[in-house]
Amino acid sequence: MKLHLAHDHDWDVSTEKARAIQERLAAEVRSEGVTAGAVETVAGVDVSIRDDFAQAAVCVLSLPDLDPVDRAIHRQEIPFPYVPGLLSFRETPPVMQALEQLEVRPDVLMTDSHGLAHPRRFGFACHLGVLLDRPALGVAKSILVGDPAGDLDSEKGSRIPLVDRSTDAGETIGAVVRTRTDVNPVYVSVGHRISLDEAVALTLRCSPRYKIPEPTRHAHRLSRE
DNA sequence: GCGACAG
DNA sequence: ATCTTGTCGC
């Protein structure tokens, strides 16, 4: 896919400068734009780390079937160390290179990270979305900042707000979502050009199925031998 | 000062 | 994230 960068900046920066960049770009995040029901393709984005290399993988799935329609990977040396709150500086560079290889332009980008549920309201999901000016959301497996507002029902589909009390009036920065009964909840937050409700709806639409992409089945079979 | 800390 | 052992469920 053709990458039209709405914003750009240096990547070889200090942690202080990185935080400053996040604070500057956080003002560009938009919490509205996409309608989950109209989304036809979603790109799942993830990065694996081994030694000094980062490998980004992107798989575009169709909705509502979740059939893989395009994919790409890119491996490169880790550009930035892992620092809580600065994850995007390690993951964005390799992911951009993988996205550029796609032939199908996904309607939404889904990342394994937080978006607004971040100390400076600018997690990886926001970073990716704002630089590309594309819809994006974050789906994390654990909390970086904030607290669940109450107790989440064990029933699939239940959701409660994720709020940040450390600030003024305790703002809602995301949602705690149960995608399946008897599984740990995921933490969904806005990345860019999508509302929290649409982000939650999309997360649910993308989770209750078991269709496994061919490459993954192969890798799984090999790994247990 | 101490604890927390996406992946 | 990655590593590694044991256990539970379909």
Side-chain angles (χ1 to χ4, degrees), chain A residues 11 15-16 18-19 21-23 25-26 29 43-59 73-99 109-131 136-148 154 156 161-167 171-177 179-192 194 196 199-200 203 208-212 216-217 219-225:
Chain A
W11 292 97
T15 57
E16 295 70 33
R19 293 191 183 92
I21 289 172
Q22 293 183 320
E23 291 174 349
L25 294 179
V29 175
V45 175
D46 199 11
V47 178
S48 68
I49 302 297
R50 202 219 297 177
D51 299 324
D52 295 327
F53 287 84
Q55 176 155 308
V58 181
C59 188
I73 60 174
H74 178 75
R75 204 176 98 104
Q76 66 173 63
E77 277 192 80
I78 290 177
F80 200 89
Y82 172 69
V83 178
L86 299 180
L87 178 68
S88 64
F89 282 78
R90 186 179 73 168
E91 314 239 316
T92 302
V95 166
M96 287 293 196
Q97 294 298 307
L99 288 175
L109 302 172
M110 183 180 285
T111 71
D112 185 1
S113 72
H114 290 289
L116 291 180
H118 177 277
R120 290 168 290 284
R121 304 293 180 268
F122 200 72
F124 177 40
C126 295
H127 210 145
L128 207 51
V130 168
L131 291 190
L137 68 146
V139 182
K141 299 180 293 297
S142 62
I143 295 173
L144 176 59
V145 292
D147 298 285
S154 58
K156 121 178 73 167
L162 176 66
V163 300
D164 188 342
R165 302 170 180 173
S166 71
T167 59
E171 51 189 316
T172 293
I173 56 178
V176 185
V177 181
T179 59
R180 299 273 294 176
T181 300
D182 290 330
V183 298
N184 292 325
V186 290
Y187 305 89
V188 180
S189 59
V190 170
H192 188 50
I194 190 171
L196 180 57
V200 170
T203 297
R209 296 192 179 72
Y210 299 88
K211 193 157 296 182
I212 302 175
T216 299
R217 290 192 65 177
H220 187 266
R221 184 178 66 74
L222 291 177
S223 69
R224 51 175 298 175
E225 290 179 348

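Per chain, numbering begins at 1; letters A, B, ... match sequence-line order.
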TODO: Measure from OH on A/Tyr82 to P on B/dA4 and round the result to the nearest Å.
DONE: 15 Å
Task: Heavy-atom closest pair, residues A/Gly146 and A/Leu162 - done: C-CD1, 3.8 Å
Open item on the list: Expressed as a whole number of angstroms, how long is the span from A/Leu87:CG to B/dG7:C1'?
Closed with: 5 Å
Open item on the list: In whole Å, I'd like the distance from the CD1 atom of A/Ile143 to the C1' atom of B/dA4.
Closed with: 12 Å
- [ ] Using a 4.0 Å heavy-atom cut-off across all strands, classify A/Leu144 as base, sugar-phosphate, or nothing.
- [x] base
- [ ] Determine, using ring centers only, whether A/His127 and A/Phe89 are less than 6.0 Å apart.
- [x] yes
Open item on the list: Applying a 4.0 Å non-hydrogen cut-off, can you work out what A/Ile78 is touching in the nucleic acid: base, sugar-phosphate, or nothing?
Closed with: nothing
Task: Donor-acceptor pair, side chain of A/His114 and main chain of A/Pro119, under 3.5 angstrom - done: no
Open item on the list: Regarding A/Glu171 and A/Arg165, does a basic nitrogen lie under 4.0 Å from an acidic carboxylate oxygen?
Closed with: no
TODO: Indicate whether OP1 or OP2 belonging to B/dG7 is found under 4.0 Å from a side-chain N or O atom of A/Ser142.
DONE: yes
Task: Distance test, side-chain N/O of A/Lys141 to OP1/OP2 of B/dG7, below 4.0 Å - done: yes
TODO: Take the protein atom CD of A/Gln55 and the nucleotide atom C1' of C/dT2, then report the distance between them rounded to whole Å.
DONE: 15 Å
Open item on the list: Expressed as a whole number of angstroms, how long is the span from A/Arg121:CZ to B/dA6:P?
Closed with: 16 Å
Open item on the list: Heavy atoms only, 4.0 Å cut-off, all strands: where does A/Arg50 land among base, sugar-phosphate and nothing?
Closed with: nothing
Open item on the list: Check for me whether A/Arg75 meets the cation-pi criterion with A/Phe53, that is, NZ or CZ under 6.0 Å from the six-membered ring centre and within 45 degrees of the ring axis.
Closed with: yes
TODO: Remember a base hit wins even if backbone is also touched, and classify A/Ser113 as base, sugar-phosphate or nothing at under 4.0 Å, heavy atoms.
DONE: base
Task: Spacing between A/Leu137 atom CG and B/dA6 atom C1', to the nearest angstrom - done: 14 Å
Task: Nucleotide B/dC5, atom C1' - distance to NE2 of A/His114 in whole Å - done: 10 Å
Open item on the list: Between P on B/dA6 and CZ on A/Phe80, what's the gap in Å once rounded to a whole number?
Closed with: 15 Å
Open item on the list: Mind checking if A/Gly138 touches a base, just sugar-phosphate, or nothing, with heavy atoms under 4.0 Å?
Closed with: nothing
TODO: For A/Tyr187, report the nucleic acid contact type (base, sugar-phosphate, nothing); a contact means any heavy atom under 4.0 Å.
DONE: nothing
